[in-house]
Amino acid sequence: MKTLIVLFLSVSVSLGFAQNKGNSEEAVTNGGNSIRGASNSTVYMQNSGNSAYNNAYQFNNQRTMTQFLNDTTMMITVTGLLNTKAENYVAIYALTQVGTTIDTASMLIAERVKKFMSALKSLGVKESDIIIDQISQVPTFDYAVDKHLFSKTFTEIPTGFEIKKNIHVGFADSQMLDDIMAAAAKAEIYDIVKVDYNVTNISDKYKLLRKACLAEIKEKVDDFAAMGLRFQPLNQTFQEGSQSYYPLQRYSSYQAYNNAQVQNTSVGKGNTVNTAVKNTTYYYNRVPYDQFDVVLNPNMVEPGVQFTYSVSIKYTLKGQERPVGLTAPLAK
């Protein structure tokens with residue numbers, strides 16, 4: 001599969017295959033020593049924070065599934081997650097054009113837009129899937145300097161005009177983005193703002209997830225019944241919640257490098273140590289599965305949309321039955 005690239009201004013983010021912490025081991029420095037993981041590269045996690053994941057993972061694997069609120073009432077909670085692929089995508093490109101006159105700026109930016117749209121049509125993108133969004137049209141200024149005997153005067157004067165536009169490009173095949181980016185570069189359009197993922201029939205996605213979670217709760221109730229617990233058929237409290245996560249929200253950054261160790265005695269006084277600029281990489285960090293009872297379509301490789309659903313039902317024990325392991329007297 002080709003790699004999708006999302007550039008947030010000057011930041012490039014991979015939308016395709018990205019290194020995931022859950023799929024590769026990292027090397028952690030311990031007293032200056034490094035431990036190499038299963039992958040070919042070594043990721044150094046240092047206390048100074050100069051090379052580490054950006055707290056994308058919180059190691060909290062414990063969750064509450066069932067709890068007794070009192071001697072006769074218990075709450076059963078089930079959470080579910082659904083991975084789904086987007087049906088279509090929208091890439092937004094930004095372009096800026098300056099000119100000495102408004103006519104010059106308008107003509108130059110129109111030529112770039114026309115060239116880009118012509119290349120998009122040759123790739124199979126429909127004209128109805130291309131939208132030009134006018135952002136701004138403002139004059140530009142600079143300072144003219146008047147030199148005097150003992151001072152200078154800076155006067156702001158107009159120098160031309162600046163026009164900004166966004167181009168929205170819709171496409172259905174994620175592999176087209178590489179060709180779209182190449183066409184944009186030929187039209188001198190380099191700034192891709194973001195890529196939106198669109199999913200249709202969202203209510204059907206939640207309906208599927210809800211059914212799976214309710215079936216999981218029923219199975220839990222049957223398991224408790226096998227343990228000797230019986231519940232009242234009435235007076236049950238029902239609570240649910242849902243949320244969605246799009247790839248734009250799930251990209252994280254990390255740096256992989258090893259700093260050179262410099263001793264103070266070798267540097268000497270009055271000398272300066274200049275460190276190299278470390279590369280920052282971005283990767284798709286999906287919502288981890290450890291907090292869910294039900295995960296539908298768990299093996300999806302391509303970044304997609306994740307829907308979550310949770311349901312909690314409060315059950316009242318029937319009669320004087322006692323929860324397994326409960327030794328305290330039952331409340332009257």
Got a donor-acceptor contact below 3.5 angstrom from the T308 side chain to the Q243 backbone?
yes
Please confirm whether Y93 and F116 have ring centers closer than 6.0 angstrom.
yes
When you group the ILVMFWY residues by side-chain heavy-atom contacts below 4.5 Å and let the links chain together, are M227 and V78 in the same group?
yes
Donor + acceptor pair across side chains of Q97, R112 (<3.5 Å):
yes
Check whether the side chains of Y289 and Q291 place a donor and an acceptor atom closer than 3.5 Å, and report yes or no.
no
On a heavy-atom basis, which atom in T200 and which in E87 lie closest, and how many Å separate them?
N-OE1, 3.1 Å
Donor-acceptor contact present, side-chain S106 to main-chain D103, <3.5 Å
no
Closest non-hydrogen atom pair, V294 against A212
CG1-CB, 3.9 Å
If you measure from NZ on K165 to CD1 on I109, what distance do you get to the nearest 0.5 Å?
5.0 Å
Looking at CG of L82 and OG of S244, how far apart are the two atoms once the value is rounded to the nearest 0.5 Å?
11.0 Å
Distance check, rounded to the nearest 0.5 Å: D223 atom CG versus I76 atom CD1?
9.5 Å
The test is ring-ring contact (aromatic ring centres under 6.0 Å, His included); show your working for Y283 and Y251 and say whether it passes.
CA-CA 6 Å; Y283 65 100; Y251 275 87; 8.0 Å; no
Euclidean distance, M74 CE relative to L229 CG, rounded to 0.5 Å:
6.5 Å
Look at the side-chain heavy atoms of Ile, Leu, Val, Met, Phe, Trp and Tyr, link any pair under 4.5 Å apart, and say whether L120 and I131 land in one connected group.
no
May I have the step-by-step check of side-chain contact (heavy atoms from CB on, under 4.5 Å) for I102 and I163, ending in yes or no?
CA-CA 9 Å; I102 190 63; I163 299 177; 4.1 Å; yes
How close do L214 and V311 get, heavy atom to heavy atom, and via which atoms?
CD2-CG2, 4.1 Å
Whether the T96 and K164 side chains hold a donor-acceptor pair (N or O, under 3.5 Å, no angle test) is what I'd like checked.
yes
Report yes or no: does S118 contribute a side-chain atom to a donor-acceptor pair with the main-chain N or O of K114 at less than 3.5 Å?
no
If you apply the rule side-chain contact (heavy atoms from CB on, under 4.5 Å), what do you find for I167 with I189, and how did you get there?
CA-CA 10 Å; I167 303 178; I189 301 173; 4.0 Å; yes
Between T79 and S310: side-chain donor-acceptor atoms closer than 3.5 Å:
no
In one Ile/Leu/Val/Met/Phe/Trp/Tyr side-chain cluster, 4.5 Å: V113, L108
no
T280 and S253 side chains, donor-acceptor separation under 3.5 Å:
no
CZ (F141) with more than 12 external heavy atoms under 6.0 Å
yes
CD1 of I313 to CD1 of I217: how many Å apart, nearest 0.5 Å?
4.0 Å
Salt-bridged, D196 to K194, with N to O below 4.0 Å?
yes
Spacing of CD belonging to E216 relative to OG1 belonging to T77, to within rounding of 0.5 Å:
12.0 Å
Minimum heavy-atom distance Q255-N279, with the two atoms named:
CG-O, 3.4 Å
ILVMFWY cluster, V295 and M300 together (side-chain gap under 4.5 Å):
no
Between N83 and P298, the two heavy atoms sitting closest are ND2-CA, 3.8 Å
Using the rule that two of Ile, Leu, Val, Met, Phe, Trp, Tyr join whenever any of their side-chain heavy atoms come within less than 4.5 Å, decide whether V138 and I157 are in one cluster.
no
Assess the residue pair E188 and Y190 against the criterion (side-chain hydrogen bond (donor to acceptor under 3.5 Å, both in side chains)); give the C-alpha distance rounded to whole Å, side-chain angles, the decisive distance to 0.1 Å, and a yes or no.
CA-CA 6 Å; E188 301 181 40; Y190 310 105; 5.2 Å; no
With sequence neighbours left out, write down each residue that passes ring pair (Phe, Tyr, Trp, His ring centres under 6.0 Å) with Y309, or none if nothing qualifies.
none
When the aromatic ring centroids of F171 and Y89 are compared, is their separation below 6.0 Å?
yes
Suppose the criterion is salt bridge (Lys or Arg N to Asp or Glu O under 4.0 Å): which pairs have a residue in residues 124-153, not counting sequence neighbours?
K121-E127
So, does R250 use its side chain to make a donor-acceptor pair with the main chain of Y284 at under 3.5 Å?
no
Nearest atoms (heavy-atom pairs only) where P303 meets Y197
O-CE2, 3.4 Å
Would you call R210 and E240 a salt bridge, taking side-chain N to carboxylate O under 4.0 Å as the test?
yes
